[in-house]
J.: 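There's a structure below that I have some questions on.
What you see below is based on every heavy atom in this structure, not just the backbone, and it leaves out hydrogens, waters and symmetry mates. Residue numbers start from 1 in every chain, and the chains themselves are labelled A, B, ... in the order their sequence lines are given, proteins ahead of strands.
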Amino acid sequence: MNILVLVVLFFVISAGTAVVGLLTTWIDRKVTARVQYRLGPPWFQPFADVVKLLGKETIVPHAASKAAFLISPLIGLAGVSLVSFIIWLAIFDPTGSGFIGDLIVVIYLLILPALAMIFGGLASANPLASVGASREMKLALAYELPFILMIVVVLIKSGGTLSLGGLISAQQSGGVYVASISGLLALVVAILCTQAKLGQVPFDAAEAETELTGGILIEYSGTPLAVFKLTRAMLYLTVPMFTVVLLCGGIGSGWGIPLGILKYVGLLVAVVLIRNTNPRLRIEHAVKFFWGHVTAIAIIAVALAVLGNRLGIGWL
Amino acid sequence: MSLKIKALTKSPWVYHLCAGGSCNNCDIEILDCLTPRFDVERFGVTLIGSVRHADALLVSGIVTKKTAPLVKQIWEQAPKPCLVVAIGGCACSQGMFKDCYTANPVPLDELIPVHAYVPGCPPKPETMIAGIVKLLGSLTK
Amino acid sequence: MIEDIVKEIKKAVGKWIKGVTIKNSQRVYIDIDPAGVREVATYLWKDRGARYSIATAIDNRTNFEVQHHLSLDREGGAMVSLRSILDRDKPSMPSLAPVIKASDWIEREMSELMGIEFVGHPDMRRLLLSSEHWPEGVYPLRKDFKA
Amino acid sequence: MSDRRIIPIGPYHPLQEEPELFRLEVDGETVVDLDVEVGWNHRGIEKLCETKTYDQVPFVVERICGICSTSHPLAYVQAVEDAGNIEVPERALYIRTLVAELERLHSHLLWVGLAGHFLGYNTVWMWSWKYREPILDICETVTGNRNHYAMMKVGGVRRDILPEHVDYILSRLPEIEKFADLIKGAVLDDPVLHARLKGVGVMTADDIHDYGAVGPTSRASGVPGDVRRDDPYAAYGLVDWDVICVPQGDVFAKAVVRVLEMYETIKIIKGCLEKMPAGEIDSKPKVVAPGEGIGRHEAPRGEVFHYVRSDGTNRPIRHKIRAPTYVNLPTYKTSVIGESITDATIILAAIDPCYCCTERMAVYKHKGDPNEPIMTGSDLVRLSQEKTARLRKEFGL
C-alpha cells in the first residue's frame, strides 16, 4: 500500500467512524428518553449539535493558556482517529502486510483522549474544570491497570501476538477468546473499562454531562467543544470495537458481518443499560472499584488463562 | 439559508437565567418544558449548565439592582451568536414590579439585547415553545 | 376560653400590660410596655408553649409600632399580638433574639427596612439589600421614603 | 489536620431555579458552618402593596411565589376580612379550600421530583412531573391558568366551580392516587432510601420550637402544628381529614409527611366536592372598615402569615407578609451543621425552600471571604447522588 492510499483511507475511515459514532450517541440519548417517558431527540440531533458548535464563536478565557486550551481537543481527536484507523484496517484486512500499528500503539493512543481532556481542563483556568481534570486523572489511573491486565489475558491466549490482524485471524480460525472462563472475565473487565473510557455513568464524575455543568468542558465553546464532542462520539464506536477485536474475533467477513455488528451492538447495549440503571459513583469509589474488584477479576482471568495455557485446557 | 443557521435552529442549547426578582413560576415552567409532556429535547433543545455552551439565554424575572451586573456579565460570557429570550411579563416589561424600590432602573432589554419576548404570567410551556420556534424561524428568513 | 388565657397572662406578667383588646376568639392584641417585651414574650413562648410566628413593624407617622405575633398552637390556635409603641425620633426596644432564635431574622429585617434599633441583638450586621444601593439611614418601609 | 474550606453555592447555579448564595464551611467532610446570602430576589412587595387597592393586592401577592400562588392571596384576603369583619359565603369557603389543596398536591409532587433528582434518581423527577400535569390540567380547567389562579378576592372567590368541573376533577384524581401509591410503595419502602435519608438532618421538637419552624418541617419532628386544624378557616373545619405527623425529624420523615399528606389532600378535595353547598360565591363588600387583621394559611411549606391594617381608605396602610421558608430556612443551622457534605443538599432541599417567598424581605450577609471554590453546588449534588449509589451497591441493588 502506498502512502497516498493510506492517507485517503485514514480520512475516509475517520469520517466514517465519526458518523457512526454520532449515531450511537443518538441511540444512547433516545433510550434514556424512552426510559423517562419522553420521545427523545431526532436521529440527526448529534450531527446538528456538532455542526452548530462549529459555527459558534470560540471564546478563550482570559486566564487560560491559549495554546494548550486550543490544541488539547485536537490531540484527543488525532488520537481517536488513529486508533479507529488502525482497528478498522485490522478488521477489514486481518492478514494485511503493511505495519500500521499493533496492540501497544493502540493502548497508548487510547489514553490520548483522556489526556487531552485533562490538559484542556487544566488549561482553561477554571476551578470547576480543574476539579474535573483531577478527577479524570484519577479515573484514568484507576481504569488503566485492569485494562492492561485484560489485554495481558488476550496476549497469553494469543501466544504473544501483538498484531491486531493476527489476533483476529487467530480467533476466526481457532475460536473466540471469550468462549472461555478467563475470556468471559476479561470481557466483564473490558465492558467496565469501556464505560469509564467513555466517561459514562457511573464513571462520569469528571465530566458530569448529565449533571448540567459539564466539568472539564465548562469553559469550552464553539469549535473546540465540537471537537471534544466528536472525539467522544468516535470513542463510542472505537472502544467497544476494540473489545470486539480483542475478545470476540472482530467483525468477520461475508455472512459473518451481521454477526460481527451484533457483537458491537451487544456491547453498546450493555454500556447504555449500565448507564441508565446506575447513579453516578463518587470518584474515590470509582478508583477503589477499579483497583479492588475489577483488578481482582482481571488477575483471576490472567491466572486462569495461564493455567489454561499450561494445562492445555481450552475452556479455562 | 446557511448551514450554520440551519444547524443552530436544529440544536438550540438554552441556558436558564433567573434575573432576580421573579415569582419562580416561569422558572418552573421552563423546567416543565423538559419533562415528559412537553419534552423539548424532541426539537434538540437541551438545558445546559455552562453559559459557554449556550445558544440562547432564557431570562425570567425582573432585573434587580443587585443582579444587574451579574446578568450583564453572564451575557458577555456567552459565545455569539447567542439569542436572548425574555420569558414572562417581568422579564419583558418589569411587569408589576416596575415600581419596586429594588428594581433596576434599566430594564432587561436595555441592559442586554433581547431577541424575543414571550409574554405571559407565567407563559404556558406551549407559549415558550411557540416563542422559541418563532424566533428560530425568523433566523432562517 | 380566650378570656381565661388572657386572665392568666395578666396574672403572670400584668405589670407590663397596658391594655388588652380581644378582637374575637382567635385574635388578641395586648398593649405592652416595650421594656417588658422580653419578659412577656418569654412567658408566652416558654411557659405557655406558644409558637413565635413573626413580628410586624408599622410606621404610624407619629410613632412606630412593633407587634410580635405568637400563636397559641397548643391552646386553641389563637394569635396573640404584643403591641409595643416606640418613639418616632429614636425607635428602640429590647431584642428577643437572645431568648427566641426565631426572632433573629425578623429583627434584623425590621432594623434594616424600618430603622428600629433592637438592643441586645447578638448579630446585628448591616444587612440592607446591598450597601452599594442603600446608604445608611435610608429605610424603604418608612412612610416618608421616596424611591 | 484541619482541612477547612468554604463551598459557595450560587448565586447562579444550574440546579437552582433562583439565584441565592450559600456558603458552607467545611472541615474535611463535615459541615461546620453555614451562611446564606439572599436578597437577589428581593422586590419589596410589602411596600408595593401599600400603593395598591384591596382588590389589586391579591394579584401582587400571588406573584410572591409561583408555587404558593394561592396561599398568599388566601392568607391576604383572610387578613382583610378579619380587619373589616367581612362575611364570606359558605360556597366560597369550599372553593378556596379546593384550590388551595390542588396547589398543595402539585407542590408536593414537584418536591418529590426535585428530591429524586438530588438523590440521583432522575427518572423519579421525570415521572413525578409527568403526574403533576393532570393537576395543572385541573387547575387550568377550574381557574383558567396553570399556576397563578387569581381565584381569591376579598369577600369570596372570583370564579365558580361548575358541575362539569366536579366530574372532571373526579375523573383525573385517580391518576394522582395511582402515582401516590407508586411513590409510597417504590420510594418509601426502598431500603437504599431508608439508609440514605434516615437519621440525616435530624431536628428535634425543641429545635422546631426555637426556630418557629412550620409545615411539613415541623410535622416531621413530632410537632403537630397545622394552621388548618389549630385555627380553622375556609372549609377545613367542615371536611374530614387528618394531620400527618411523624416523630423522627429526619429527611426521611419529611418525605413521609409529604407523601402521606397527598392522600389527605385528595380526601379534602373529595370532601369539598361532596359537601359544597349551592349559593353565592362573593359577598361583594364595598368598604373595608378601619382595623387590623391577621390571615393565616397552611401553605404546602407551612404557615403563611399576612397582617393588614386598614384605615378605611381603599388601600392597606401596612401589609406584612411572612412566608414559611422565612422561618424554616434558619433551621439549616441545626440540621446541616455537623452533617456530612454529601447530605447537605438533600437536607437543604428537605424543607422545600422557596426563596422568592422569603426574599421579598430577607437579606443575609456572608462573613466568609469569597475564597476560590474548591467544590461547588453541583459537586454537592453529585456527592449526594454518589452516596445513594454506594448504598445501592451495599444493598446489592
J.: Is D:I317 in contact with chain C via its backbone, its side chain, both, or neither, using a 4.5 Å heavy-atom distance?
T.: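 Both parts, heavy atoms under 4.5 Å.
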
J.: Does D:E303 come within less than 4.0 Å of C:R51, counting only side-chain N to carboxylate O?
T.: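 Judged by the 4.0 Å cut-off on N to carboxylate O distance, D:E303 and C:R51 do form a salt bridge.
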
J.: For the residue pair C:T56 and D:R309, confirm or rule out a side-chain donor-acceptor distance under 3.5 Å.
T.: no

J.: Would you say that more than 12 heavy atoms from the other residues, nucleotides or ligands in this model lie under 6.0 Å from the CZ of C:R88, or not?
T.: yes

J.: Between C:I58 and D:Y307, is there a side-chain heavy-atom distance shorter than 4.5 Å?
T.: yes

J.: Using the ring of each side chain (for Trp, its six-membered ring), is C:W45 parallel, tilted or perpendicular to D:H209, with breaks at 30° and 60°?
T.: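 Parallel: the ring planes of C:W45 and D:H209 meet at under 30°.
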
J.: Measuring from atom CD1 of D:I321 to atom CD1 of C:I54, what distance do you get when rounded to the nearest 0.5 angstrom?
T.: 11.5 Å

J.: Could you look at D:V223 and say if it's the side chain, the backbone, both or neither that has a heavy atom under 4.5 Å from chain C?
T.: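 Neither part.
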
J.: Can you find a pair of side-chain heavy atoms, one from D:R318 and one from C:L141, that are under 4.5 Å apart?
T.: yes

J.: Tell me, side chain or backbone of D:Y211 under 4.5 Å from chain C's heavy atoms, or both, or neither?
T.: both

J.: Would you mind checking which part of C:R83 comes under 4.5 Å of any heavy atom in chain D, side chain (CB onward), backbone (N, CA, C, O), both or neither?
T.: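 Looking at C:R83, just its side chain touches chain D.
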
J.: Contact between D:E50 and C:K143 at the side-chain level, heavy atoms closer than 4.5 Å - yes or no?
T.: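 Touching, per the 4.5 Å side-chain cut-off.
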
J.: At a 4.5 Å cut-off on heavy atoms, which part of C:Q67 comes close to chain D: side chain, backbone, both, or neither?
T.: side chain

J.: Taking the side chain as C-beta and beyond, is there a heavy-atom pair between D:P330 and C:D104 under 4.5 Å?
T.: no

J.: Where is the tightest heavy-atom contact between C:S71 and D:R296, given as atom of each residue plus distance?
T.: OG-NH1, 2.8 Å

J.: Quick check: are there more than 12 heavy atoms from other residues, nucleotides or ligands sitting under 6.0 Å from CD of D:E87?
T.: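 Atom CD in D:E87 is not packed in, count stays at 12 or less.
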
J.: Run the salt-bridge test on D:D207 and C:K101 with the 4.0 Å N-O cut-off and return the result as yes or no.
T.: no

J.: When you measure from the side chain of C:R27 to the backbone of D:G293, do you find a donor-acceptor pair of N or O atoms at a distance under 3.5 Å?
T.: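 No.
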
J.: So which heavy atom on C:K23 is nearest to which on D:N85, and how close?
T.: NZ-OD1, 4.1 Å

J.: Contact between C:L113 and D:K47 at the side-chain level, heavy atoms closer than 4.5 Å - yes or no?
T.: no

J.: In Å and rounded to the nearest 0.5 Å, what is the CE to CG distance from C:M79 to D:D231?
T.: 8.5 Å

J.: If you count heavy-atom pairs under 4.5 Å between each of C:E75, C:E65, C:K46, C:R74 and chain D, which one has the most?
T.: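 With the most close heavy-atom pairs to chain D, the winner is C:E65.
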
J.: Looking only at heavy atoms, what is the nearest atom pair of D:E46 and C:E109, with distance?
T.: OE2-OE2, 4.3 Å

J.: Which heavy atom in D:G212 sits nearest to a heavy atom in C:A102, and how many Å separate them?
T.: N-CB, 3.9 Å

J.: Using heavy-atom distances under 4.5 Å, tell me whether C:L72 contacts chain D through its side chain, its backbone, both, or neither.
T.: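 Neither; nothing under 4.5 Å.
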
J.: Measure C:S25 against the heavy atoms of chain D and call it side chain, backbone, both or neither at under 4.5 Å.
T.: neither

J.: Do the side chains of D:Y326 and C:I106 get nearer than 4.5 Å, heavy atoms only?
T.: yes

J.: On a heavy-atom basis, which atom in C:S53 and which in D:R322 lie closest, and how many Å separate them?
T.: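 Scanning both residues, the minimum pair turns out to be OG-NH2, 2.9 Å.
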
